[in-house]
Amino acid sequence: MDLTVLPARTDAELDAMRDAGRVVAQTLAAVRAAAVPGVRLRDLDDLAQTCIREAGATSSFLGYKPAWAPTAYNGALCLSPNEVVVHGRPSGQRLKDGDLLSIDCGAVVDGWNGDAAITVQVGSHGSADDARLVTATEEALAAGIAAAVPGATLIDVAQAIDAVARRYGYAHLPDHGGHGIGRSMHEPPFVPNRPHAGLDRVRLHAGSTLAIEPMLLAGGERYRHKKDGWAVVTADGRRAAHVEHTVAVTDDGPVVLTLP
């Protein structure tokens with residue numbers, strides 16, 4: 001069986017990715033604190049752009065235009081409220097008490113990328129159902145990270161994430177997942193959140209770097225895109241949560257690079 005060999009980052013390269021990840025973490029902390037009822041999504045993005053710029057970094061997202069996208073991305077954050085799973089664009093929409101907001105951020109330092117996401121309940125009237133969904137998604141992320149050790153394959157990561165989703169009874173966003181990361185924000189391999197054929201051919205080793213990102217849905221797995229071509233929305237209108245960390249595989253175990 002042929003194995004896919006992932007790039008091995010040097011210690012210096014991992015340090016640069018950690019610097020980028022630290023900017024992401026600090027930006028997410030500032031945006032989390034500012035995500036209160038009445039604030040506009042655009043205001044949160046303005047805050048993120050300021051945080052990234054003042055840290056001497058650049059945004060991974062601003063101006064990003066993958067082949068499938070109709071337009072270049074217009075912000076430094078993906079801001080995805082309620083039934084929007086991922087890729088919600090900054091807008092004049094104001095947050096309401098009880099909203100559920102996923103916040104995704106990427107930054108570049110010295111040519112190296114960091115990428116992370118959080119999901120937060122807005123205001124003081126968040127529901128117990130939303131809290132359970134966020135807890136499950138965070139536990140799925142932790143399980144996926146724990147499985148990212150030398151000698152493991154991507155099927156181990158996917159099985160760990162999927163086991164948590166199944167235990168809680170949540171669906172995955174199909175055909176979306178994590179990714180390799182380094183000089184580019186999105187690099188091979190695709191990192192699915194549930195097992196499928198071929199994942200056992202991608203073996204992890206010390207120096208591998210991945211962005212692991214579960215996206216769990218309270219309802220069914222069907223989705224649609226908004227007219228902007230970016231935002232992914234649950235077809236049944238149920239809520240979703242998305243969390244992510246950039247992770248380095250090391251001989252001492254997985255190391256999260258997107259921490260303050």
Side-chain angles (χ1 to χ4, degrees), residues 25 28-41 43-45 77-91 93-105 116-147 157-178 191-195 211-226 228 230-245 256 258:
L28 287 174
V31 173
R32 178 195 288 270
V36 297
V39 73
R40 299 180 304 174
L41 298 182
D43 298 331
L44 296 179
D45 194 76
L77 299 175
C78 291
L79 294 162
S80 304
N82 302 324
E83 76 280 3
V84 183
V85 191
V86 288
H87 302 160
R89 298 201 300 175
S91 69
Q93 178 179 343
R94 293 185 183 274
L95 293 175
K96 300 187 299 296
D97 199 354
D99 278 347
L100 189 65
L101 180 67
S102 295
I103 307 164
D104 193 355
C105 180
I118 58 176
T119 296
V120 300
Q121 292 181 279
V122 177
S124 58
H125 291 85
S127 73
D129 286 344
D130 284 351
R132 182 176 186 271
L133 177 61
V134 173
T135 295
T137 312
E138 291 174 344
E139 287 184 12
L141 174 59
I145 292 171
V157 177
Q159 286 175 335
I161 293 170
D162 188 51
V164 176
R166 288 177 177 273
R167 187 171 76 246
Y168 277 90
Y170 292 130
H172 296 287
L173 182 64
D175 61 39
H176 288 67
V191 183
N193 291 319
R194 60 184 175 192
I212 300 174
E213 51 180 320
M215 292 157 259
L216 299 189
L217 284 58
E221 68 174 25
R222 291 180 58 246
Y223 69 90
R224 61 179 177 84
H225 284 92
K226 283 191 172 183
D228 65 11
W230 279 97
V232 175
V233 182
T234 61
D236 57 13
R238 300 284 299 278
R239 292 188 169 189
H242 168 217
V243 294
E244 176 184 18
H245 271 308
V256 176
T258 38

Distance (rounded to the nearest 0.5 Å) between [X] [atom1] and [Y] [atom2]:
X: Ile103; Y: Leu79; atom1: CD1; atom2: CG; result: 6.5 Å
X: Asn193; Y: Ile212; atom1: CG; atom2: CD1; result: 9.0 Å
X: Arg238; Y: Asp129; atom1: CZ; atom2: CG; result: 7.5 Å
X: Glu83; Y: Arg239; atom1: CD; atom2: CZ; result: 8.0 Å
X: Thr137; Y: Ile118; atom1: OG1; atom2: CD1; result: 13.0 Å
X: Arg94; Y: Asp99; atom1: CZ; atom2: CG; result: 13.0 Å

Practice problem: Decide side-chain contact (heavy atoms from CB on, under 4.5 Å) for Arg194 and Glu221; before the verdict, give the C-alpha distance in whole Å, the side-chain angles of both, and the deciding distance to 0.1 Å. | Solution: CA-CA 13 Å; Arg194 60 184 175 192; Glu221 68 174 25; 3.0 Å; yes
Exercise. Assess whether side-chain contact (heavy atoms from CB on, under 4.5 Å) is satisfied between Leu101 and Leu41, documenting all intermediate values.
Key: CA-CA 10 Å; Leu101 180 67; Leu41 298 182; 4.1 Å; yes
With the side chain counted from C-beta on, respond yes when [X] and [Y] share a heavy-atom pair under 4.5 Å apart, and no when they do not.
X: Ser102; Y: Val85; result: no
X: Val232; Y: Met215; result: no
X: His242; Y: Ser80; result: no

For a quick test of your reading: what N or O donor-acceptor pairs under 3.5 Å do the side chains of residues 28-40 make, sequence neighbours left out?
from: Arg40; atom 1: NE; to: Asp43; atom 2: OD1; distance (Å): 3.3
from: Arg40; atom 1: NE; to: Asp43; atom 2: OD2; distance (Å): 3.2
from: Arg40; atom 1: NH2; to: Asp43; atom 2: OD1; distance (Å): 2.8

Quiz item: Yes or no on side-chain contact (heavy atoms from CB on, under 4.5 Å) for Leu100 and Leu133, after CA distance, side-chain angles and deciding distance?
Solution: CA-CA 10 Å; Leu100 189 65; Leu133 177 61; 4.1 Å; yes
Quiz prompt | Within 6.0 Å of NE2 in His125, more than 12 heavy atoms from elsewhere | solution =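 No, not enclosed.
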Quiz item: For residues 134-144, which residue pairs qualify under salt bridge (Lys or Arg N to Asp or Glu O under 4.0 Å), counting only residues two or more places apart or in two chains?
Solution: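 Listed once each, the pairs are Glu139-Arg167.
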Quiz item: Where does the angle between the aromatic ring planes of His225 and His176 fall among parallel (under 30°), tilted (30 to 60°) and perpendicular (over 60°)?
Solution: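 Tilted: the ring planes of His225 and His176 meet at 30° to 60°.
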Exercise. For the residue pair Trp230 and His87, categorise the inter-ring angle as parallel (less than 30°), tilted (30 to 60°) or perpendicular (more than 60°).
Key: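 Perpendicular.
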Exercise. Without swapping roles, check the side chain of Thr258 against the backbone of Ala25 for a donor-acceptor pair under 3.5 Å.
Key: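 No.
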Self-check item: Donor-acceptor under 3.5 Å (Gln121 side chain, Ser127 main chain)
Solution: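 Yes; at least one donor-acceptor contact below 3.5 Å.
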Quiz item: Out of Asp45, Asp104, Asp228, which residue meets the salt bridge (charged side-chain N to carboxylate O under 4.0 Å, His left out) rule with Arg89?
Solution: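 Passing option: Asp228.
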Quiz prompt | Atom of Ala218, atom of Tyr170 and distance for their closest heavy-atom approach | solution =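 Shortest heavy-atom separation between Ala218 and Tyr170 comes out as CA-CD2, 3.8 Å.
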